Structures are given as C-alpha cells and as structure tokens.
Amino acid sequence: MPAIITLTTDFGTRDSYVAQVKGVLLSLGPPALQLVDLGHELAPHDVREGALFLRAAVPRFPDGTIHLAVVDPGVGSARRALAVEVAGQRLVGPDNGLFGWSLAQGARVHQIEAPPGTSAVSSTFHARDVFAPAAARLAHGEPLAALGARVRDALTLAWPEPEAGTDAVQGEVIHVDRFGNLITNIERAHVRLTGARVVAFGRTLPAIRDHYAQVAPGELLALFGSEGLLEIAARDASAARITGAGVGSPVAVELAGGDGAT
Amino acid sequence: MPAIITLTTDFGTRDSYVAQVKGVLLSLGPPALQLVDLGHELAPHDVREGALFLRAAVPRFPDGTIHLAVVDPGVGSARRALAVEVAGQRLVGPDNGLFGWSLAQGARVHQIEAPPGTSAVSSTFHARDVFAPAAARLAHGEPLAALGARVRDALTLAWPEPEAGTDAVQGEVIHVDRFGNLITNIERAHVRLTGARVVAFGRTLPAIRDHYAQVAPGELLALFGSEGLLEIAARDASAARITGAGVGSPVAVELAGGDGAT
Amino acid sequence: MPAIITLTTDFGTRDSYVAQVKGVLLSLGPPALQLVDLGHELAPHDVREGALFLRAAVPRFPDGTIHLAVVDPGVGSARRALAVEVAGQRLVGPDNGLFGWSLAQGARVHQIEAPPGTSAVSSTFHARDVFAPAAARLAHGEPLAALGARVRDALTLAWPEPEAGTDAVQGEVIHVDRFGNLITNIERAHVRLTGARVVAFGRTLPAIRDHYAQVAPGELLALFGSEGLLEIAARDASAARITGAGVGSPVAVELAGGDGAT
C-alpha cells in the first residue's frame with residue numbers, strides 16, 4: 001500500500017503555493033506516494049476553522065496516513081513546527097493550536113528540528129521548506145522521534161464549551177458551512193431530546209428533527225448533523241442568510257419542563 | 001491497473017465534507033485506489049447542473065471507472081440511493097435525476113440497500129455514510145447486484161428540448177461557464193449551417209463561427225462548442241456580462257430562407 | 001515510479017472542463033498514471049499570471065514530470081501547440097508566452113502536430129483534444145521529437161524588468177496573492193540590504209524585514225518572499241486592501257546613501 005499524504009491549507013489554488021508543496025513532497029517522498037487534497041479554501045489565517053476541519057476529517061483516514069496541514073499566520077516567528085501522532089494518524093504543521101484537539105485524544109507530539117547542515121529555509125513558506133520535507137521523511141518510514149525532541153506543551157485553542165444547566169444548554173455557532181448551515185458546539189450528549197426545543201436568533205424551533213425534508217422548503221429546522229453537533233439549517237435554503245447569524249451567535253436548547261418562554 | 005474513483009459534489013472544499021468522504025473511500029477501498037477530483041464547486045443543490053457536468057465528463061474515463069457524485073438536496077428523505085452502470089462507467093449517488101441522462105443511454109440501475117447489521121447512518125451525510133461505502137465495494141470488484149435490487153423507475157429531470165420548425169430552431173441557455181460563455185441546448189444536428197444566423201437577447205449574430213479569434217476582442221459570436229452544443233461567446237470577454245443573459249434565456253437559430261427580421 | 005502529469009488551468013472546477021481532460025489523460029495514458037492538480041483558479045485568460053505560477057512551481061517537481069498547462073485565450077486560432085523540455089521537466093500547452101520563462105533556462109521546444117489520420121478536434125477545447133493526448137504520449141515514454149518539429153521562435157511575454165540606478169531600484173507589483181501580499185519584480189540581487197528602505201504607494205517602509213511577526217498586527221512591512229522577490233505584506237492583514245495597490249503599482253527601493261526624501 002503506497003504512503004498517503006493529505007494536504008489541508010488556507011493557501012487557495014490561484015497562487016502557486018500548494019503546487020510548490022506538492023512538488024517538494026513528490027521530489028523528497030517515496031516513489032509510490034499518493035497525494036490527496038483535503039481542502040485549500042480554509043479561511044485565511046483562521047486557525048480555529050482549520051482545527052475544526054481536521055478534527056472531523058483526520059479520523060476517517062486509514063492508519064498511517066500523514067496529514068500536512070498549514071494555517072499559519074505566525075510563519076517565520078518563533079512558533080515551533082510539530083509532528084503529531086494520534087490514533088494511528090500523523091499530522092505535520094505549526095504549533096499554533098491547529099492540532100490542539102488531538103491532545104485530548106492522547107496525541108504524542110514532537111518538534112520538527114532542522115537537520116544539521118540544512119540550507120537556509122525561507123521565513124515565509126515553511127509549508128514548502130519545513131513541513132513538506134518532514135512529511136516526506138515520515139512517508140519514508142522515519143519515526144516521529146527522528147524529527148526532533150518530544151514536546152509536552154503544544155498549544156491548544158480556547159474552545160467555546162457549551163454551558164449545561166438544568167433547564168437549558170447554552171452554546172454558540174462555531175462554523176457556517178457552504179450551504180449556510182449553522183453548526184453549534186452543542187453535542188447530542190448535552191441534550192435530553194424529549195421535548196427539547198431550540199431558541200436562537202430571536203426564534204424558537206419547536207422540535208429537533210432528523211433530516212431536512214421534514215420541514216417545508218425555506219423553513220428553519222434544528223437537527224444533529226453528521227458530526228453529532230446541533231445545527232440550525234433551512235430546507236433548500238441558507239439558514240445563515242435567513243437568520244443573519246454567524247460564528248459566535250448564541251444558541252440555546254431548552255429542555256422539557258424548562259421555562260420555555262422567549 | 002488500480003481502481004479509480006472520481007468525486008463530483010456541490011460541497012465546496014472549505015468545509016471538511018469532501019475530506020471525510022475521501023477518508024472513508026481510502027479506508028474501505030482496495031489498497032491501490034486512485035481518487036480523482038472532478039469538481040466540488042457545483043452550484044449548491046443544483047441537480048440539473050450536476051447532471052450536465054456528469055453527462056459531459058463521465059464518458060471520457062476509462063472503462064470500469066467509478067464515479068461518486070453527490071448533489072443531494074433531499075438527503076435523509078425517502079429518496080433512494082443508486083448505483084448505475086452505463087457504457088462501462090459506474091455511478092453512485094442519489095436518485096434525484098442526477099443520473100437521469102444515463103437512462104437514455106441504456107443504463108442498468110440498482111438500489112443501494114443498507115447491508116444487514118449496518119450501524120446507523122447519519123441523516124444528513126449520505127455521501128460519507130452510504131455512497132462512499134458503496135463505491136468502495138464496487139472498487140473491490142463487487143457487482144452492482146450485490147448492492148441491492150434492480151430499479152426500473154429511476155428519476156429523470158424534465159430537460160428543456162429545443163423546438164425545431166422549418167424556419168428556425170428555438171432553444172435556450174442551459175449553462176453559463178466560468179468564461180461567461182452561454183451554452184444552449186441546440187445541437188449541431190438541429191441546424192442547417194448554410195446561412196443560419198443566431199438571434200438571442202435582442203441581438204442578431206450573423207453567422208456561426210468556428211473559433212473565438214474570428215471576431216474582434218469584446219465582440220459576440222456564436223459557435224458550436226466542445227460538446228457539440230451551440231454557444232454564445234465573446235472574444236476575450238464574458239458573453240454573460242455583455243448580454244445579461246443566463247440559464248433559461250431563449251436563443252433562436254434562424255435558418256437560411258427564414259424571415260430573419262428581429 | 002509511475003508517470004506524473006500535473007494540471008494547471010484557468011478553467012475553474014464548476015464546469016466539467018478539467019474533469020474531461022482528466023478522463024482523456026487516464027484513458028490514453030499508461031495504467032499507473034498519477035494526476036496532480038496544481039491549480040485551476042488562475043485568472044481567466046491571464047497568460048502572465050499563468051507563466052509566473054509555472055515558473056515558481058515547475059522546478060519543484062521530480063525529473064520527468066509532465067505539466068499540462070492551459071491558459072489559452074487564442075484557442076482555435078493559428079497559435080501553435082507546444083511541448084517543452086526544460087531542466088528535466090516537460091510542459092505541454094499553447095504557444096502564447098505561458099512557457100516563455102523557460103526559454104531563458106535553455107528549454108528545447110517542439111510543436112505538437114496532429115498525427116496523420118487524426119479525427120477532427122474541437123476549435124474551443126484543445127486542452128482535451130490536443131494537449132491531453134500529447135501529454136499522454138509523453139507519459140508513455142515518447143520523446144518530444146515524436147510530437148512534431150523543433151520550434152525556435154516560441155513566444156515570450158514582455159516582462160517588466162526593474163530599473164536599477166545608483167540610488168534606487170524601481171520596480172512594480174507583478175502579483176497579488178490570496179493573503180493580499182504584493183509581490184514585486186525586485187530580486188534580492190538587485191538590492192544592497194544595508195540601510196535600504198522601500199518607498200511604495202505614498203508610504204515609506206523603513207527597513208526590509210525577515211518575517212511577518214516582526215511588526216505589529218495590521219502593520220505593513222517589506223521582505224523578500226519565498227521566491228526571492230521583494231514583497232509588501234501586512235501582518236495578519238491584506239497589504240493590497242490597506243494600500244489599494246495592485247499589479248503594475250510602482251515600488252522603489254532606495255539604497256543607503258541615496259536621497260531618501262519622499
């Protein structure tokens with residue numbers, strides 16, 4: 001089975017940055033290397049969006065997959081370069097919180113140190129000059145420890161956690177997807193489903209649904225999406241456009257027996 | 001030769017949806033699987049645009065290629081999941097008309113039924129939970145019939161057909177491409193070329209040309225494009241912007257001898 | 001090692017054009033062919049942007065890589081189709097300056113001539129009908145000379161060169177990247193760094209920096225980017241938005257001892 005390296009960046013593909021990284025991976029990696037684009041349209045410099053993306057996508061891949069992931073506003077500064085192993089997956093990228101979610105899952109983290117005799121790297125393009133060469137070394141079978149010392153203080157992001165009370169769970173929108181679905185940080189485990197209703201953006205959605213076709217076209221609904229997170233959607237329409245809500249907008253689930261007045 | 005699975009969706013690549021599907025395909029598929037992105041920027045929920053895309057692209061691939069294609073506003077509802085075989089190609093996706101064009105080409109269609117003992121699938125992400133596992137089974141060499149029962153009433157879309165009279169052919173714009181070319185449903189076979197002229201959007205284009213450089217920069221022209229469909233284009237410019245026309249705008253070809261007054 | 005064909009176009013991926021080209025490559029190429037997307041979001045018909053993209057990306061790839069590259073406003077006209085070999089890389093695309101940068105690097109150029117008995121090709125889609133079949137033949141191991149006659153007058157683009165005086169180097173912005181960085185044509189070799197300061201868009205940037213984090217968020221800075229070209233950037237912000245500058249905007253580097261008054 002050939003080694004797989006996935007690529008996730010905020011570079012877009014109008015510029016040549018992704019292309020240059022692929023050239024380096026194919027030049028330095030093993031002959032039967034398979035490159036897989038995950039996405040290059042992440043919001044520029046939005047490390048939290050990158051972390052959410054990776055947290056959802058990485059666990060789907062076969063054991064041993066290597067994920068090169070770069071959302072890196074601090075490139076060139078003193079922030080470290082990391083190689084991470086978590087649940088059979090390996091991640092390579094900056095130490096800025098992009099991989100913070102993996103720490104709670106038991107990740108082992110190593111710093112990527114410049115090998116002795118390395119020629120000067122650019123200060124603005126570590127994806128090409130630091131992360132790609134490190135990913136290629138992992139693809140050749142080198143262990144994480146060959147790249148550098150163990151790191152025990154990798155950065156994590158302050159993550160908005162929902163607040164669960166007896167009558168309601170208070171959360172917020174953490175992502176708006178291409179279809180205008182508003183994805184919140186409220187998980188299925190937070191909510192007793194029977195009688196729960198969702199209050200958000202000055203509206204009350206009476207029940208949590210199973211799928212979009214359960215309401216009329218253009219109508220809002222709440223459901224647990226594919227990651228097990230509560231989302232506010234609209235059938236054949238954009239809930240973001242209808243409600244004007246976005247990342248950070250508060251969402252509450254009022255539980256059965258709670259005082260549901262809005 | 002490794003199995004090839006292509007991916008065509010309206011998911012975009014800023015969200016992790018395409019990435020998750022790729023992870024499942026690589027996890028469940030055969031070891032030497034090759035993934036090929038066809039496009040993920042289809043207009044959200046526009047099944048007709050998806051069907052036009054596939055009808056043009058699918059026949060270009062080697063026999064045995066598997067095409068995972070998802071434009072699926074009805075996900076989670078009772079719409080069926082389909083596996084299709086047509087002219088050596090196999091298609092996997094929703095029963096909503098996306099594959100309707102293949103029926104006229106002699107497609108054999110099977111339903112994708114959940115294998116016994118399947119754990120619960122999401123209601124909103126069948127690309128990951130239904131279509132990708134089915135495509136992986138086909139990539140392992142399983143026949144369509146292993147996925148489920150034969151289907152003889154797959155959905156087709158109402159497709160706008162041109163009306164051919166003695167003096168003129170009346171059609172309409174069915175797609176606007178990235179360059180602003182207005183692609184119609186009028187085929188070369190509909191039109192006697194000698195003396196034909198195109199009347200559209202309040203303008204008359206005097207002759208059907210062979211290529212863009214036959215008119216001055218910025219000027220409109222009509223030609224038969226790469227799929228054999230009449231298109232209105234502009235040299236080094238966007239015909240859509242110049243004319244204000246879009247999908248559904250009427251286009252007529254007046255044949256030699258017809259009353260060409262506009 | 002499988003043959004690699006990269007793809008670089010201005011086609012976008014909402015239309016099926018890139019998909020059709022991939023189908024042809026996989027149908028006509030050798031069985032173990034690897035396709036690698038470099039980028040399909042190049043500005044439509046902007047040959048200079050395409051040339052800059054390729055000049056930066058192509059040299060990063062392993063020897064023997066084949067690059068199919070199409071930004072081709074003159075498709076269908078008399079402009080020739082070319083196959084180029086430069087420093088171990090091979091390029092296939094139109095003769096319109098897209099590969100002009102390779103001539104100064106000793107490129108060997110051949111015309112792609114239609115093989116005898118070829119069926120008619122489209123006038124608007126040479127990427128599919130001319131360039132992809134030629135790239136597939138190269139991937140099978142055919143030499144450039146098998147495609148057609150040697151060409152010694154391939155087109156090059158007029159390229160804006162910086163003017164170096166004793167007190168200052170005058171250049172201009174040649175590209176704006178996704179992050180709003182303004183990339184100029186001034187190379188490191190043009191500039192004595194000690195005491196140099198950058199004057200552009202009515203502002204003076206006092207020193208050339210090493211990386212973005214050396215200034216405060218939102219502040220402008222000048223540095224030599226990953227290609228060795230001077231760029232004007234802003235930390236965690238878009239220099240293009242802050243300055244209103246774009247391709248063609250003049251940029252000067254005033255050298256130490258020069259009369260630096262603005």
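By convention in this document, chain letters (A, B, ...) are assigned in the order of the sequence lines, proteins followed by strands, and residues within each chain are numbered from 1. These figures come from a predicted structure and were not determined experimentally.
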Residues passing the side chain to side chain contact (heavy atoms under 4.5 Å, CB included) test with Ala19(A), sequence neighbours excluded, are Leu38(C), Phe53(C), Ala57(C)
The interface call for Tyr17(A) against chain C, heavy-atom contacts under 4.5 Å, is side chain
Applying a strict 4.5 Å limit to non-hydrogen atoms, the region of Val75(A) in contact with chain C is both
Separation between CG (Asp37(C)) and NZ (Lys22(A)), nearest 0.5 Å, reads 5.5 Å
One should read off an interatomic distance between Ser16(A) OG and Arg60(C) CZ, to the nearest 0.5 angstrom, of 9.0 Å
- Are Gln34(C) and Leu26(A) close enough, and set up right, to give a side-chain contact (heavy atoms from CB on, under 4.5 Å), and what steps lead you there? CA-CA 11 Å; Gln34(C) 187 175 6; Leu26(A) 291 167; 4.1 Å; yes
Between the CZ atom in Arg209(C) and the OG atom in Ser123(A), the distance rounded to the nearest 0.5 Å is 13.0 Å
Cut-off 4.5 Å, heavy atoms of chain C, and the answer for Leu28(A) is neither
- Task: Assess whether atom CZ of Arg150(A) is packed by more than 12 heavy atoms of other residues, nucleotides or ligands within 6.0 Å.
- Result: yes
Go through it in stages, so that I can follow the logic: the residues are His211(C) and Ser77(A), the test is side-chain contact (heavy atoms from CB on, under 4.5 Å), and I'd like the CA-CA distance, side-chain angles, deciding distance and then a yes or no.
CA-CA 7 Å; His211(C) 59 85; Ser77(A) 70; 4.1 Å; yes
Scanning both residues in full, the closest heavy-atom pair of Asp10(A) with Phe179(C) reads O-CZ, 3.3 Å
Okay, Leu52(C) and chain A: the region with an atom under 4.5 Å from a heavy atom over there is neither
Side chain to side chain contact (heavy atoms under 4.5 Å, CB included) filter on Arg14(A), not counting sequence neighbours, yields Glu41(C), Ala43(C), Glu49(C)
Honestly, the part of Leu7(C) sitting under 4.5 Å from a heavy atom of chain A is neither
Scanning both residues in full, the closest heavy-atom pair of Asp15(A) with Arg178(C) reads OD2-N, 2.7 Å
Bottom line for Leu54(C): the part with an atom under 4.5 Å from chain A's heavy atoms is neither
Rounding to 0.5 Å, atoms CD (Gln20(A)) and CZ (Phe61(C)) come to a distance of 9.0 Å
Bottom line for Val176(C): the part with an atom under 4.5 Å from chain A's heavy atoms is backbone
Scored by heavy-atom pairs under 4.5 Å with chain A, the best of Pro59(C), Ser226(C), Gly39(C) is Ser226(C)
Whatever's closer than 4.5 Å to a heavy atom in chain C on Arg79(A) counts as neither
